[in-house]
Structures are given as C-alpha cells and as structure tokens.
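Since the model is a prediction, treat every value here as computed from it, not as a measurement. We name chains A, B, ... by the order of the sequence lines, and we start the count at 1 in each one.
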4 protein chains.
Amino acid sequence: MGLAARSIEIALVNNKRQFIKPRRSERKYRAIIEAAKKVFSQKGFYNARVSDISDQAQIASGTIYLYFKNKDDILATLFDETFRRIGVEIESSLNKCSDSREKLSNFFSIYLNVVGSDKYLAELIHVEMNQATKFMPEYRELYFQCVMDILLDIIDQGIADGVFREDLDSKAVAGMIFGVLDQMCMLKSKNGRGQNTKGLASLIESIFLQGIEESKGYAGAKQFTASLL
Amino acid sequence: MGLAARSIEIALVNNKRQFIKPRRSERKYRAIIEAAKKVFSQKGFYNARVSDISDQAQIASGTIYLYFKNKDDILATLFDETFRRIGVEIESSLNKCSDSREKLSNFFSIYLNVVGSDKYLAELIHVEMNQATKFMPEYRELYFQCVMDILLDIIDQGIADGVFREDLDSKAVAGMIFGVLDQMCMLKSKNGRGQNTKGLASLIESIFLQGIEESKGYAGAKQFTASLL
Amino acid sequence: MGLAARSIEIALVNNKRQFIKPRRSERKYRAIIEAAKKVFSQKGFYNARVSDISDQAQIASGTIYLYFKNKDDILATLFDETFRRIGVEIESSLNKCSDSREKLSNFFSIYLNVVGSDKYLAELIHVEMNQATKFMPEYRELYFQCVMDILLDIIDQGIADGVFREDLDSKAVAGMIFGVLDQMCMLKSKNGRGQNTKGLASLIESIFLQGIEESKGYAGAKQFTASLL
Amino acid sequence: MGLAARSIEIALVNNKRQFIKPRRSERKYRAIIEAAKKVFSQKGFYNARVSDISDQAQIASGTIYLYFKNKDDILATLFDETFRRIGVEIESSLNKCSDSREKLSNFFSIYLNVVGSDKYLAELIHVEMNQATKFMPEYRELYFQCVMDILLDIIDQGIADGVFREDLDSKAVAGMIFGVLDQMCMLKSKNGRGQNTKGLASLIESIFLQGIEESKGYAGAKQFTASLL
DNA sequence: TATGAATGAGCTTTCATTCAT
DNA sequence: TATGAATGAAAGCTCATTCAT
C-alpha cells in the first residue's frame, strides 16, 4: 500500500466521517478550539468545565453546543485537527524526498514544529491523548492513525531499502518514536523558543538515526543531523 | 552526590513522609490496591467509581476510606508503591555493577519487568500517570523522582566516564527513555509474556546504547545486548 | 455613638458585605427562601434535605445552588433578611419617639409583629438560631447584631436618662428580652392571629416596663401599656 | 392537683417509662454522659460524631451502644437526667416554704445553680434543647414537663393567693421565665463563678418579682431579693 | 444564531450502627 | 462486657446539557 492510499483526504472517505463540521461561524469555532486548548491544558480535561471554555472564548456556554456535540467532541476535534495538520504537512514534505532517512528526519522536524511550538498543545497531548484514545468514544483517532501509518511506511520502506536495520519491529519503533517525540515536545515548549529547539531535534535524530541505521558511525549522523531544521 | 544519598530509604526520611500507612488489614489493603489497578486501568480514573473498586475488591465502599484518604489517594499510592518497588530493585541491582552501560541495561530490564509484566499497571501508567503528576495534589511523585534521579545519575556518570556521548543533555535523554519504556511496557504487556519480552528489551538497549555510546559499532552492542535478560 | 452609626445601611458598608446577591430571578429567590423557611421549620435544618426545599419550591435541586452557596447559606440568609427587616422597621419607628419606654415598647411590638406573625419563622428562630449562631461559619449574624445594638442603645439611653433602673446590666437585660420575645413569638404564632397578640405584647411590656422602670407603680405602667399597639 | 401528684417518682410510674436503664457499669455510663455533654456542647449535636464521644470518654465507639440505644438517646438521657435532678431539688426545696414568692425565688436559684454552674450544660440546653424537644422522637421531655408543671403550679398558686397579678397567663409567664433563665445560665456560665452569680439571680428575681407582684414597690423587692442565694 | 438560567443525574464521602472476635 | 473494623445508606453538591427566549 502506497502513501496515496492512506492519504489524508482519502482516509476521510474511507472512514465515512465528515470531518468538516457544519460551522456557522468559522471565527467562533476557532475561538472555542483555542480556548479549549488552553483550558484543557491548564486544568486538565476532567477538571475543566465547559463554562471555563466558554468564559475563555467569551461566548455563552450554550453556544458551544452549536459547534460541538459535547465536551468530549471538543477535545476529539482538537486532536483530530492537530494530527490532520501534521499529516498534511508531512505528506507534502515527503513528496520532496525519497530517502528514508531524510523522510524520518522531516517527520521529526514537522512534528516537533507543530506540537513543540505550542505549549498548550504539547501539554495537552502529553497529558490527555492517551486517555482520549482509550476512553473517548468520540475520538476515533482518525488522523492520528494516518500519521502513524505514514511513520510505519517510512520505517518499513527504510528496512526494505536496506537503510534501516532489518531486525526492527516497525510498530515497536514507531511507538518509541512517538514516546520520544512527546517528551521532546514537552521540553521544547517549556524552554520557550530559540536555539534549544534545534538542539532537541538534532538530539533525537542523531540518537535514533545512529541507532537505527545499519552500522553508521557517529560522525556521519552528526553531519547529517546538522543540516536539519 | 552518590547513589546512596538518593537511596529509597533515605528519600523517605528526607521527604518526611511516612510511606507506611496505618493498615488495619494488610490483606484488605492489597485487595483495594489491586482492585483499583484493574478498575482504573479498564475504565480510566475519572470514569471509575469508588464503588467499582469496592465491588471488585468485594468490600463495602466505605471500607476504602479506612485505608485511603480519598479516591485520588488510591491512585497516588498505587503509583508510589510501584515506583518504590522499581527503585528498590534497581538500587540493589546497581550495587552489583559499576559499568554505566550495564547499569542502564539493568535499569531497562527491571522497569520492563515490573511494569511490562502487569497489563493493568502498564496501561495505568501509560494513561493516567501524566495526569496524576500534573493535576493530583495528593500525588507528589516521591518515588518516581527517586527512580528518575537514579536514571539521571547513570547517564551523568556514563558521560563523565566517557562511556556515553558528552553532547547529551541528561534530562532530555532521561525523558526520552521514560517515553520509550512506557511504550514498550504497553507493547510487552499486550503481547502477553514470553520471548517477546527479551526482544523488546534488547531492542531498546541496542538502539539506545548504540545511539548513546561513543562511536561503538552495531555488532558490539548486539553481543552485549544478547547477554542481557 | 448615636443610633445613626449603627444604622442598617451603614452596617452594610462597614461590614463590606454586599447583602444584595446577584439574583437572576427575584421570584425564584423568594420561592426558595419561603420554601426553606417552611421545610426547615417543619423538619429541622439537619433533617431537611436540600431536595425537600427544591420540591417545596417546585424547582430543580440544582437551581438552589444558583442562588445560594450551600445549604447553610440558605438559613443564614433567611435569618439575615429577617433581622434586616426588623432592624429597618425598628430604626424608622425609633425616629418618631424619644422616650426610652416608648422606644422599648415599639421594639417589642415590631419584633412580635414580624416574627410572631409567621409561624414558620417563629419556630425556626426558636429552634435553629442558637445553633446557627454558634456553629454556622456562614452565618455571621450581621443584622442580628444591628438589632441587638439598637436594643442595647435603648436600654443604655434609658438608664442614662434615669428612666430605667441604674443597677441594670444592659447586656443581661437585652439577653432576657430576646429570650422572652422568642417564647412570646412561639406562643403568638401558635395561637393563630387575633386579640391574643396584643395581650402578649402588653404582657411583656407591663412586666418588663414595671420591672425596669425606676420605682414606677403598677397603675402607671398599666395605663401606658394599654395605649400601645 | 397538689404537687404530690406530679412528683418526680410518680411521674415515672404514670409515664410507664423505666428511667433507670440497665447499666452494666455506672462509671462508664457516667463517663459517656459527661463526654457527650462536653462534645455536644462544643461541636453541636449534629456536628459531633459518636466516635468523638467515645474518644472523649476513652472507650470504644461500639461500647456506647451497650449503654444507649443510639446517638439521640444519649442527648435525650442527658436532658432527662438534668431535669430530673432539677425537679428533685426543687421539690424538696418547695416543701420548706409555702410563700409563692419564696417558691419562685427558690426555683430560680436552683435552676441557675444546676444549669448555670455547668458551662457545657448551659450551652447544650441553650443550643440543642429546642431542637431535641421538637425533633427527637427519643426525647419525650418527661422530666422537663415535671419541672414546667412545678413552675406552673407556683404561678397559679401565687395568682390564687393574690400574691401575683391576676391578669397573668401562667403558661406565658412560665415560658418567659424559661426563656430568661436560659439566657442567664449562659451569662453565668460564661462569667465563671463568683459574685456575679448572685447578681444575675437577683436581677431576674427583682425584675420578675417586681413585675409580677401586685403593686409592690421596688425597695421591697430589692430587700427580699438581697436575702436570696 | 446566541444566550445563560434551569435542569437533575450521578458521584464521592461521611458516619451511625452492627457484629465477629 | 468491650472492641473497632466493616458496613452501606444517605445526601450535598457539581456540572454537562437543554431549551425557552
């Protein structure tokens, strides 16, 4: 299965879900999403009240239910939108390169860029996503699956091409990568913006690429890494 | 500061917390903890009712409050006990080896063994621990900090000894390691027990050790890894 | 300190409490107060459930918490409003007379009128007020103190003017007066309305005024008393 | 109906209630009563836990139920015993005098002595007795009724003998007297023991006797009062 | 569309009472 | 008798969701 089959837009059709909700006012819709991101991040999904979000968004609490089915739906949508954006960015980036190492590196950069540069988002994913994935019937992690599939493809292709070690279980590696990216986004978002960002991205890349690559030396990885971000 | 200074038992004293609670019946206390582990893991902390736990433990709901201050305290205690156990096991294991690579390897094995062999525990840590750490005033993650400190020491010592790359930020690496261990425990606990366990531990070790070690080749790491677990 | 300084409205300012709560619907607010008066009076504060009040007021139980902080607050507010009303009525009445005996008599009449004509209120004050005063942190008996101060002033002024015996401890006398008024309100409210009311008021007045007055004979007091109410 | 018919012991028989409960250990029984008096007085009946009483009495909470039917029964018994004691003391005192004024005076003194010299008891009666009387099925106020009857008899006899004003409603006056005694006991118990006690008793007596007596002057009452206590 | 007052289901926690020892 | 661990009913309060305006 090529990337096309998992393409973000096709995925929509396959999963028979209308991502594009009936939004009366795009502006208000975004205000709710942004308010929820901040509120959920600061108080936690369960501790946050719907009225906290409406307060933050400066609308009435009832209005939220014109845009979202319920409280769960807000978080689910927030995550879905995030991973849709990541997926779209990565897909378009992957078209520009064929090397697996480069693809992986791009994947890291984009994820770190999208999630790690948004303090509230990084916290939210760190704290709530595992819960949401497991217990929220609303959240079917449609777009997260797309992103995960892209990553799996990169790894599998790399193994097939002899660029990555053949003894790797791609699912395990993909899990590790998400575990690590999550931690790095937390670090990055906490340290504010700046030099540090590149350092973290490089760190992940150098460690992972060195570890995954077939007998590559440190120096090479370092050089490669240095050119990223 | 040597390991001794962070020793689990000393930590107790330093933190002025009596971990040993007044337990009327050790058996009932354990029953509650185990029931909570299962219930929280399956339904999620917030979705689980206290009465779910008492039902599972086959006691009256009020009895829980003879052993725990409140619902939060159950989860906090559960995590604290878990990391205390991990900390104790790791500390005693570290006494037997001085090599940083070996220490790190032992750290991985023990963590994977304790958490990865308990499906409910692995899920619980994966799903609830970040929340608990952030939002539960009850949970001061006393023992998690001990375990984290041990890991930081291993890394720092490795760097000092020239065994690990000197460009590493030990906190970032430690964060990555926990992120990865969490994912691996989930995988391991899902796949049931068996051969797979060793595979996962080896996978982490080979990837991390190769990546972290100063210009080591793959073969050496593999041989070293093979001797573990 | 003249009466003005203890004026009800000034008291508000001094105590920095906004008595006027944010009431969404004055009608509903009153319905809750009235329902609570009846329910608390009949079942007792502790035996009464919040849902008893909401049932009586024909609203949802949750609605009560839009108007009151908690169950305690309902009773505290009820008492506060009652004594505010008494205080306001007494203050305006006192402006019309300068004679201490007349003032005291007016005080009796108004108290008996406000409390003694409301069976539920009389019972409630009789049964719950001492408790509330002692154990309810919510209830700071703001307006009761105002009323008490007014009474103390009347007594002190009477003593100063040589109208009342000089050997009186005004606080003790004030306490006695409230003790007696409470009993009389109970009697009055039980006997239904009618002639009896005047009889009770006169009884208290004749007994107290005779007793308090400086060597007045019975006849004079009786004549004075007869002209009241 | 003479006093004999209302005698404390006969009352017992008439009401078919065995006041003397099956007490296994008189000492422990008393300890519970005393502990309850203190605890109820300080925390309030409803706020006090049965275990507070057992803690105070230095026994196990379960033991209380060997001596009392339930929490209510403790308070009911406490009140019953108190008024039994008052009733017995008053009855024996009344045998020594035939003058209504003297009887009333003795009544005041004894009540003030028994209740006013026990801080906890005074508070308890002040705060909880009206509640108990109204809402506690356990508390049938047997002995309080006896004491009330004695008071009513004194008043009625005084009126009949032409010593007290004939326009008095004896029930209303009795109510007033209890209302006043309650307040005075509170004052007395707060001010500690000493001279003050006599002052309060005298105050009540002088006010009431003057007010109640048929055209007596102040001086006479004062002299009479001075000889009391 | 937007509001926000009203709803009421549902939960944690307390504590009087019981009962096995 | 005495204990105190265990029980479980009961209720105050919250807050997601609805709906009349």
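A heavy atom closer than 4.0 Å to some atom of DNA chain F occurs in C/Ala48, C/Arg49, C/Val50, these being the qualifying members of residues 41-58 of chain C.
Here the side chain of B/Glu128 pairs a donor or acceptor atom with the backbone of B/Phe45 at under 3.5 angstrom. The backbone N or O of B/Met136 sits nowhere less than 3.5 Å from a side-chain atom of B/Asp72 that would complete a donor-acceptor pair. At distances below 3.5 Å, not a single donor-acceptor pair connects side-chain atoms of D/Asp80 with backbone N or O atoms of D/Thr77. Under a 3.5 Å cut-off, the side chain of B/Asp73 and the backbone N or O of B/Phe68 do not form any donor-acceptor pair. A distance-only check finds no donor-acceptor pair linking the side chain of A/Lys119 to the backbone of A/Ser41 [under 3.5 Å].
Along DNA chain F, the nucleotide nearest to B/Thr63 and the one nearest to D/Ala60 differ in position, and the one closer to the 5' end is contacted by D/Ala60. Place B/Gly62 and C/Gly62 on DNA chain E by their nearest nucleotides, and C/Gly62 ends up nearer the 5' end.
Atoms CD1 (B/Ile64) and C1' (E/dC15) sit 16 Å apart, rounded to a whole Å. The nearest whole Å value for the distance from the OH atom in A/Tyr65 to the P atom in E/dT1 is 19 Å. Spacing between atom OH of B/Tyr67 and atom C1' of F/dG4 amounts to 11 Å, rounded to whole angstrom units. Separating the CG atom of A/Asn70 from the P atom of E/dA9 is a distance of 19 Å, rounded to the nearest angstrom. Rounded to a whole Å, the CG atom of C/Asp72 is 10 Å from the P atom of F/dG12. Rounded to whole Å, atom C1' of F/dA2 lies 19 Å from atom OH of D/Tyr29. Following rounding to the nearest Å, D/Phe40 (CZ) and E/dC15 (P) show an atom-to-atom distance of 13 Å. For the pair B/Ile32 CD1 and E/dT12 P, the interatomic distance rounds to 15 Å; values are reported in whole Å.
With contacts defined as side-chain heavy-atom distances shorter than 4.5 Å, the pair C/Gln42/C/Tyr120 qualifies.
A salt bridge is defined here as a Lys NZ or Arg NE, NH1 or NH2 lying under 4.0 Å from an Asp or Glu carboxylate O, and A/Lys37 with A/Glu34 meets this definition.
Taking each heavy atom of B/Leu78 and B/Ile33 in turn, the nearest pair found is CD1-O, 4.0 Å.
Between E/dA2 and A/Lys28, a contact under 4.0 Å exists linking OP1 or OP2 to a side-chain N or O.
For the strand DNA chain E, secondary-structure stems (runs of at least three Watson-Crick or G-U pairs, all distances below 3.5 Å) span E:2-21 with F:2-21.
Considering only side-chain atoms of C/Lys71, the nucleotide from E/dA16, E/dT13, F/dG12 that sits closest is F/dG12. Checking F/dA6, E/dG8, E/dA6 against the side-chain heavy atoms of C/Ser61 singles out E/dG8 as nearest. In this structure, the nucleotide among E/dT7, E/dT3, F/dT7 sitting nearest to the side chain of A/Leu66 is E/dT3.
Heavy atoms of D/Ile59 sit under 4.0 angstrom from primed sugar atoms or phosphate atoms, though from no base atom.
The aromatic rings of A/Tyr46 and B/Tyr46 lie parallel to each other, their planes meeting at an angle below 30°, with 60° marking the opposite boundary. By the 30° and 60° cut-offs, the orientation of the rings of B/Tyr67 relative to B/Tyr29 is tilted.
Of the P atoms belonging to E/dT1 and F/dT21, the separation is 22 Å, rounded to the nearest Å.
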